[in-house]
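A quick note: this is a predicted structure, and the numbers were derived from the prediction, not measured.
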Amino acid sequence: MHNIKAASVQFQHKAGDKQSNLKTITHFVEQAANKGVNLIVFPEMCITGYWHVRNLSKEEIIDLAEPIPAGPSTQLLKRLSVKYGMTIGAGLIEISEGGELYNSYVVTLSDGTVHTHRKLHTFISAHMQSGSSYTVFDIPEGVRLGVLTCYDNNIMENARITALLGAEVLLAPHQTGGCNSASPKGMKKIDVALWEERSTKEAELLSEFQGPKGRQWLMRWLPSRAHDNGMFLIFSNGVGRDDDEVRTGNAMILDPYGEILAESKAIEQDMVIAELDASLLPSSNGRRWMKARRPELYSPLVVRTGKEEDTRTVRFRYE
């Protein structure tokens, strides 16, 4: 791996307004280019909008979706990548040649190449499919990237397999924080009124973003994905009102030891930047521990227990 400068962005998308969201993306890309950034990561489904999609009909989702790489959003990202010599990742709804709909994450490279990750654990709509493969690839800047979208990161096997496939940097785009978790010690919703009144209640809102509904929840598990697998991790997230929920931002970049290199404590749109020092990788705990693996013992991991359920059922059972 070569040293690179990476950026993570948190922004509040506008539901269904791709033109506005792409304008925001372009703004941050231009800012990042002025700061010498090589890799910039935007949130899950930030081009199309996210939480409102759960209430859309299949026809409405199809109207919002685009093919990849031929669609206009991907083509814009591609032009920006080539123009600024930057790797850019952003999420949208993809429609395949066969008409299937996916929660997809597009990564465009400075040489014009396009890679796509289809979320493995899609639950936003029954009309959308889950992906069935991992996404790991090299970029011209001399780094091997992996992508896991939001809920994909909850399943620790996904992070380990991505690392085993050689990923040195994990892109982790999300729309999270302020969700209604079924767990009594999981996330809980943030009062939308608090967001709408943020000009006079900034301290209260920041406390929610940094507390157990946001950052504190992330800190229970997110650093372990980086530490245990010896990968840099770039966490990008929505911020602010997303239909009837409030996203908590918390954009951050972690090193292979799970330590935070840069993070946002802003309650609105923001970008954080960090240098990724490749010399940290070889001796990181995760990389060393993986060398001691005994795969012959791990066959139970690929045997169904009979307790498996689809992601939508698990996610919404107690809604």
Colleague: In terms of heavy-atom contacts, does NZ of K213 have more than 12 from other residues, nucleotides or ligands at under 6.0 Å?
Modeller: yes

Colleague: May I ask you to decide whether E197 forms a salt bridge with K201, counting only side-chain N to carboxylate O separations under 4.0 Å?
Modeller: yes

Colleague: How long is the span from the NE2 atom in H117 to the OG1 atom in T135, to the nearest 0.5 Å?
Modeller: 5.0 Å

Colleague: With the side chain counted from C-beta on, respond yes when T122 and L101 share a heavy-atom pair under 4.5 Å apart, and no when they do not.
Modeller: no

Colleague: Test V9 against every option in I40, V272, D270, V239 by the side chain to side chain contact (heavy atoms under 4.5 Å, CB included) rule and name the one that passes.
Modeller: I40

Colleague: Kindly work out whether a path of hydrophobic side-chain contacts (I/L/V/M/F/W/Y, heavy atoms less than 4.5 Å apart) joins L164 to V169.
Modeller: no

Colleague: Would you compute the distance between atom CZ of R315 and atom CD1 of I124 and round it to the nearest 0.5 angstrom?
Modeller: 8.5 Å

Colleague: Could you see if M156 belongs to whatever hydrophobic cluster contains V147? Use Ile, Leu, Val, Met, Phe, Trp, Tyr and a side-chain cutoff under 4.5 Å.
Modeller: no

Colleague: Please check if the side chain of S284 supplies one atom and the backbone of L281 the other of a donor-acceptor pair under 3.5 Å.
Modeller: yes

Colleague: Which residue pairs pass the ring-ring contact (aromatic ring centres under 6.0 Å, His included) test with at least one member in residues 273-314, sequence neighbours excluded?
Modeller: H227-W289

Colleague: Quick one, N103 and M128 - any side-chain contact, counting heavy atoms below 4.5 Å?
Modeller: yes

Colleague: Check which hydrophobic residues are tied to V136 through side-chain heavy-atom contacts below 4.5 Å, counting indirect links as well, and list them.
Modeller: L120, Y134, L148, I161, L165, L170, M187, W217, L218, M219, W221, L222, M231, L233, F235, M252, L254, I260

Colleague: Please enumerate all residues that pass salt bridge (charged side-chain N to carboxylate O under 4.0 Å, His left out) together with E263, with sequence neighbours excluded.
Modeller: R215

Colleague: Could you check whether any side-chain heavy atom of W195 comes within less than 4.5 Å of a side-chain heavy atom of Q12, counting everything from C-beta outward?
Modeller: yes

Colleague: If you look at every heavy atom in P173 and P43, which pair is closest and at what distance?
Modeller: CB-C, 3.9 Å

Colleague: Any chance you could measure K14, atom NZ, to T24, atom OG1, to the nearest 0.5 Å?
Modeller: 7.0 Å

Colleague: Working note: L39 + L171, criterion side chain to side chain contact (heavy atoms under 4.5 Å, CB included); need CA distance, chi angles, decisive distance, verdict.
Modeller: CA-CA 10 Å; L39 165 65; L171 311 189; 4.1 Å; yes

Colleague: Between CD of E141 and OG1 of T87, what distance do you get to the nearest 0.5 Å?
Modeller: 4.0 Å

Colleague: Output yes when a side-chain donor or acceptor of Q210 lies under 3.5 Å from a complementary backbone atom of K265, and no otherwise.
Modeller: no

Colleague: Please identify each residue that fulfils side-chain hydrogen bond (donor to acceptor under 3.5 Å, both in side chains) with R225, with sequence neighbours left out.
Modeller: none

Colleague: Indicate yes or no: at least one non-hydrogen side-chain atom of V246 is less than 4.5 angstrom from one of D191.
Modeller: no

Colleague: Can you check side chain to side chain contact (heavy atoms under 4.5 Å, CB included) on V192 and I190, steps first, answer last?
Modeller: CA-CA 6 Å; V192 169; I190 294 171; over 6 Å; no

Colleague: Where do T74 and V114 land on the side chain to side chain contact (heavy atoms under 4.5 Å, CB included) test, with the steps shown first?
Modeller: CA-CA 8 Å; T74 302; V114 177; 3.9 Å; yes

Colleague: Please say yes or no: joined through hydrophobic side-chain contacts below 4.5 Å, possibly via intermediate residues, are L92 and I61 part of one cluster?
Modeller: no

Colleague: How about E100: does its CD atom have over 12 heavy atoms from other parts shown lying under 6.0 Å from it?
Modeller: yes

Colleague: Say whether, by atom type as modelled, one donor and one acceptor occur between the side chain of S8 and the main chain of I234 under 3.5 angstrom.
Modeller: no

Colleague: Taking R287 for the side chain and D228 for the main chain, is one N or O donor matched with an acceptor at less than 3.5 Å?
Modeller: no

Colleague: Between K189 and D244, does the salt bridge (charged side-chain N to carboxylate O under 4.0 Å, His left out) criterion hold? Intermediate values first, please.
Modeller: CA-CA 9 Å; K189 295 183 74 171; D244 66 344; 3.5 Å; yes

Colleague: Partners of E97 by salt bridge (charged side-chain N to carboxylate O under 4.0 Å, His left out), sequence neighbours excluded?
Modeller: none

Colleague: Can you check salt bridge (charged side-chain N to carboxylate O under 4.0 Å, His left out) on K58 and E60, steps first, answer last?
Modeller: CA-CA 5 Å; K58 184 174 182 178; E60 289 171 323; over 6 Å; no

Colleague: Let me confirm one number: the CZ-CG distance from F232 to L261, rounded to the nearest 0.5 Å.
Modeller: 6.5 Å

Colleague: Between E59 and S57 (side chain of the first, backbone of the second, donor and acceptor by atom type, cut-off under 3.5 Å), is there such a pair?
Modeller: no

Colleague: In Å and rounded to the nearest 0.5 Å, what is the CZ to CG distance from R247 to D242?
Modeller: 4.5 Å

Colleague: Compare all side-chain heavy atoms of H27 with those of Q31 and state whether any distance is below 4.5 angstrom.
Modeller: yes

Colleague: Are I68 and L64 connected in the hydrophobic side-chain network, where two residues link if heavy atoms are under 4.5 Å apart?
Modeller: no

Colleague: Answer yes if L276 and L109 sit in the same cluster of Ile, Leu, Val, Met, Phe, Trp and Tyr residues linked by side chain heavy atoms under 4.5 Å apart, and no otherwise.
Modeller: yes

Colleague: Charged N to carboxylate O below 4.0 Å: is that the case for K307 and E309?
Modeller: no

Colleague: State, with a plain yes or no, whether a side-chain heavy atom of I273 is found less than 4.5 Å away from one of I253.
Modeller: no

Colleague: Does some side-chain heavy atom of Q10 sit less than 4.5 Å from a side-chain heavy atom of F42?
Modeller: no

Colleague: Identify whether the distance between the nearest side-chain nitrogen and carboxylate oxygen of R144 and E168 falls below 4.0 Å.
Modeller: no

Colleague: Name all pairs fulfilling the ring-ring contact (aromatic ring centres under 6.0 Å, His included) condition that reach into residues 89-116, sequence neighbours left out, sorted by first residue then second.
Modeller: H115-F137

Colleague: Give a yes or no on whether the backbone of G286 and the side-chain of N229 come within a donor-acceptor separation of less than 3.5 Å.
Modeller: no

Colleague: Does the side chain of T305 reach to within under 4.5 Å of the side chain of V303, using non-hydrogen atoms?
Modeller: no

Colleague: Is the shortest side-chain N to carboxylate O distance from D243 to R54 below 4.0 Å?
Modeller: yes

Colleague: Checking salt bridge (charged side-chain N to carboxylate O under 4.0 Å, His left out) for the pair E66/K18: CA distance, chi angles, key distance, verdict?
Modeller: CA-CA 11 Å; E66 297 182 16; K18 291 188 285 186; 2.8 Å; yes

Colleague: Is a salt bridge present between R118 and D152, judged by a nitrogen-to-oxygen distance below 4.0 Å?
Modeller: no

Colleague: Might you confirm whether atom CD of E157 has over 12 heavy atoms from other residues, nucleotides or ligands at distances under 6.0 Å?
Modeller: yes

Colleague: Stepwise, does the side chain to side chain contact (heavy atoms under 4.5 Å, CB included) test hold for L76 with T26?
Modeller: CA-CA 9 Å; L76 173 61; T26 300; 4.1 Å; yes

